[in-house]
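These notes concern the structure reproduced below.
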Amino acid sequence: MPKINENYLNLKESYLFSEINHRVADYTQKNPDKKVIRLGIGDVTRPLGSTIIKALHEGVDAMASSETFKGYGPEQGYEFLRNAIAAYYEGHGVDINPKDIFVSDGAKSDTGNITDIFGNDNVILIPDPVYPVYVDTNIMCGRKITYISGTAENGFLPMPDKNVHADIIYICSPNNPTGAAYNCAQLKEWVDYALENEAVILYDSAYEAFISDPALPRSIFAIEGAKKCAIEFGSLSKTAGFTGTRCGYTIVPQELVFKTGDGQEVSLNAFWNRRQTTKFNGTSYIIQNGAAAVFTEEGMVQCMENIAYYKENARIIAEVLERKGIRYFGGKNSPYIWFECPDHMESWEFFDYLLNHAQIVGTPGAGFGENGKDFFRLTAFGTRENTLEAMERFEKLF
Ligand code: MLT
């Protein structure tokens with residue numbers, strides 16, 4: 001009989017968004033005549049820009065002729081895309097070596113897979129509330145997690161505690177689920193803390209394209225010293241509408257060098273490369289061709305048009321919350337609006353209330369951790385029509 005990984009028994013029974021889908025399916029089955037509006041999972045609704053679509057088609061056409069056909073590509077991603085990503089960073093004043101960029105099928109996979117290159121006896125620091133993937137993937141390996149509290153008092157931007165040692169630190173900014181974004185001084189504190197503790201920061205920048213405040217950093221590598229202590233996960237899911245198309249990247253600087261137990265120096269870039277070349281055969285050429293178009297001038301204009309559309313949705317949601325006197329966070333440099341559940345309801349109670357009374361699906365804060373239990377998340381990724389209708393229904397409640 002195989003010995004199974006019993007750590008899985010320590011996970012919550014189902015992944016947050018599966019539980020939501022289950023409850024919604026149950027509701028729609030019982031109420032087939034009701035129009036349910038989904039502002040729960042952060043899934044985009046705008047079609048891909050025409051420049052990207054054209055490049056995807058060209059990628060398909062390349063597969064039709066023996067001169068341009070592509071078999072296995074480099075596991076790290078095609079050079080043309082790695083160069084395009086590096087140029088995108090350069091445009092934001094951040095210098096990245098294309099060799100440090102590993103293209104993948106998305107940040108969710110990479111933030112989960114990165115656990116492969118670390119030992120199980122690390123002190124892992126994870127903010128609460130947080131994107132559940134960081135927690136679940138560490139539980140799957142049997143790792144112990146130390147939580148740091150994001151609260152309304154600290155604006156859901158917890159800062160390092162110098163009296164607590166950590167080896168691995170997860171940061172997502174702009175944050176999923178709270179929409180809060182660290183400024184440069186705050187990120188510098190985290191970088192200094194990581195350098196002092198010889199820790200590594202796993203920085204999820206999936207929502208960086210939503211930052212409108214030019215003073216806010218778009219990358220951890222905008223902070224001095226970060227290349228010696230941080231790995232960054234980027235995603236085209238929200239930047240370019242690739243939630244279904246799938247493409248992301250991970251930046252592991254070659255400067256990131258740590259010592260093994262017996263004092264041998266190892267490069268995390270080399271370890272991640274070893275991991276990827278063993279377990280991953282690269283993102284398809286067709287998708288990478290489309291992804292490269294995202295970073296062209298025209299492609300980026302189209303992506304930013306979609307982002308502006310979502311931001312207007314965020315503004316519409318925030319305006320109603322303001323009118324109703326509900327305290328909220330996010331929505332300005334982020335597609336997520338995180339607010340206090342009205343009438344002292346707990347988040348799953350409010351989820352059911354909203355579904356039953358207004359047929360709106362949101363995400364209960366409890367799904368992101370203990371500190372989220374009195375909060376609720378709405379996404380700005382719906383269509384304009386649905387967002388307006390949902391908020392009209394919302395305004396009539398309580
Ligand atoms: C979310 O709703 O939190 C996101 O869609 C999750 C993800 O990007 O995987």
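Each ligand, and each atom within it, is numbered from 1 in the order the structure gives.
With salt bridges taken as basic N to acidic carboxylate O contacts below 4.0 Å, none links K188 and E224. Between R327 and E340 there is a salt bridge, since a side-chain N of the basic residue sits under 4.0 Å from a carboxylate O of the acidic one. For the pair K12 and E19, the salt-bridge criterion is not met [side-chain N within less than 4.0 Å of a carboxylate O]. With salt bridges taken as basic N to acidic carboxylate O contacts below 4.0 Å, none links E79 and R82.
Near G42, meaning under 4.0 Å from one of its heavy atoms, ligand 1 places the atoms 1 (C), 2 (O), 5 (O). Applying the 4.0 Å criterion to heavy atoms of N176 picks out, from ligand 1, the atoms 1 (C), 3 (O). Short contacts between ligand 1 and F17, defined as distances under 4.0 Å to a heavy atom of the residue, involve ligand atoms 1 (C), 2 (O), 3 (O). Close approach of ligand 1 to I41 (heavy-atom distance below 4.0 Å) involves ligand atoms 2 (O), 5 (O).
Distance from atom 6 (C) of ligand 1 to its nearest protein heavy atom, with residue and atom name: Y131 CE1, 3.5 Å. Protein heavy atom nearest atom 8 (O) of ligand 1, with residue, atom name and distance: K238 NZ, 3.0 Å.
Cation-pi contact between K238 and Y207: absent, since separation from the ring centre below 6.0 Å together with deviation from the ring axis within 45° is not met.
The hydrophobic clustering, which links ILVMFWY residues whose side-chain heavy atoms are closer than 4.5 Å, places L202 and V130 together.
Polar contact with ligand 1: absent for K108 (N/O pair, distance under 3.5 Å).
The proximity of F368 to ligand 1, defined as any non-hydrogen pair under 4.0 Å, does not occur for either the backbone or the side chain.
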